[in-house]
Amino acid sequence: MSLSRLIARPLLASGFVFGAVNALRNADVVAAKAKRVTDKVVPLVQGKGVPVPSDPLTLVRINAGVQIVGALAVGTGRAPRLGATALALSMIPTTVAGHAFWAETTPEGKNTQRLQFFKNASMLGGAIIAAGDTDGKPGVAWRARRVAKDARREAKHLAVSAKREAKLAKAKVS
């Protein structure tokens, strides 16, 4: 593991752990903010047949748990791509529900929420980068492209060999 990954992953994870623990400690306040988003999203998801709790407090606790587990996965280097993907997915509802600067009425509140919104957007960007980081090893997509390229090359080689053998066989028969 490179030095930058050794330092960057725990730093990225620390912000998520801090936010998740804060959400768990103040779950009632966070659930009240989340209610305006969950009231719109939960019926849509449940309409698709996905069993999702409708209680905002439960959803806040689940989201905080996902963030803690994902942050631990990223910070410790155990399944960092999976953990970062979970963090990225959990940041979208967290940011929209918790920092709706467009709904603020005062200039100070709007500015504070805008700052927090873009801080979360930055953390989302870091999680997306971490989710795509293969730690210097080829990813699944590269490996799949490589196998396909090798298969095409081998097929071409076999086709040329088959033509050559057919030509030799035809020459022997004649």
Side-chain angles (χ1 to χ4, degrees), residues 1-20 23 34 37-38 40-54 58-99 116-174:
M1 181 185 307
S2 70
L3 185 61
S4 63
R5 285 184 186 95
L6 186 68
I7 294 169
R9 285 179 179 167
L11 286 174
L12 179 64
S14 67
F16 285 101
V17 169
F18 179 78
V37 173
T38 60
K40 294 176 185 173
V41 175
V42 169
L44 294 173
V45 174
Q46 287 176 340
K48 302 283 184 188
V50 179
V52 177
S54 56
T58 304
L59 291 170
V60 165
R61 289 178 177 153
I62 290 170
N63 192 49
V66 166
Q67 288 185 351
I68 289 171
V69 171
L72 289 174
V74 170
T76 61
R78 305 273 182 192
R81 294 181 73 192
L82 179 63
T85 301
L87 290 174
L89 292 173
S90 73
M91 277 307 283
I92 297 167
T94 299
T95 303
V96 172
H99 304 297
Q116 293 302 315
F117 180 90
F118 285 106
K119 178 210 43 114
N120 278 14
S122 298
M123 289 177 67
L124 173 61
I128 291 170
I129 290 170
D133 181 22
T134 60
D135 203 13
K137 299 175 188 126
V140 174
W142 181 89
R143 290 174 195 220
R145 285 191 305 270
R146 182 64 188 200
V147 166
K149 181 180 174 184
D150 290 347
R152 279 191 303 271
R153 187 175 355 108
E154 186 66 24
K156 186 177 178 181
H157 176 71
L158 289 172
V160 168
S161 295
K163 281 183 184 178
R164 189 179 323 119
E165 292 296 325
K167 210 182 247 187
L168 286 174
K170 188 176 181 182
K172 280 186 177 180
V173 172
S174 305

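Computation of the quantities below employed the complete heavy-atom set of this structure, encompassing side-chain atoms and omitting hydrogens, waters and symmetry-equivalent molecules. Numbering of residues begins at 1 and proceeds along the displayed sequence. Because the structure is predicted, anything quoted here is derived from the model rather than measured.
- A salt bridge links Asp133 and Arg5; the closest N-O separation between the charged side-chain nitrogens and carboxylate oxygens is under 4.0 Å.
- Note that the CG atom of Leu158 and the NZ atom of Lys163 stand 13.0 Å from one another [nearest 0.5 Å].
- The shortest distance between side-chain heavy atoms of Thr95 and Gln116 does not fall below 4.5 Å.
- At a threshold of 4.5 Å between non-hydrogen side-chain atoms, the residues Val41 and Pro93 do not count as touching.
- Annotation: the span from Ser161 atom OG to Lys156 atom NZ amounts to 12.5 Å, rounded to 0.5 Å.
- Considering only heavy atoms from C-beta on, His99 stays 4.5 Å or farther from Phe118 through its side chain.
- Of all heavy-atom pairs between Val60 and Ala23, the closest is CG1-O, 4.2 Å.
- Atoms CZ and CG, on Arg164 and Leu168 in that order, are 8.0 Å from each other to the nearest 0.5 Å.
- Of the possible polar contacts, none joining the Arg9 side chain to the Val74 backbone as a donor-acceptor pair under 3.5 Å is found.
- The minimum heavy-atom distance between Arg81 and Ala131, with the atom names listed, is NE-O, 2.9 Å.
- Here the side chain of Ser90 pairs a donor or acceptor atom with the backbone of Leu87 at under 3.5 angstrom.
- The backbone N or O of Val17 lies less than 3.5 Å from no partner atom in the side chain of Gln67, so there is not a single donor-acceptor pair.
- Side-chain contact of Asn63 with Thr94: a donor-acceptor pair under 3.5 Å is present, judged by distance alone.
- Within the model, atoms CZ of Arg61 and CG of Leu59 stand 11.0 Å from one another, a figure rounded to the nearest 0.5 Å.
- Pro10 and Gly75 get closest at one heavy-atom pair: CG-O, 3.7 Å.
- Using a 4.5 Å cut-off on side-chain heavy atoms (C-beta onward), Ser54 and Thr38 make no contact.
- For Ala84 against Ala127, the heavy-atom pair with the smallest separation is CB-O, 3.4 Å.
- The minimum heavy-atom distance linking Ala88 with Leu124 is given by the pair O-CD1, 3.3 Å.
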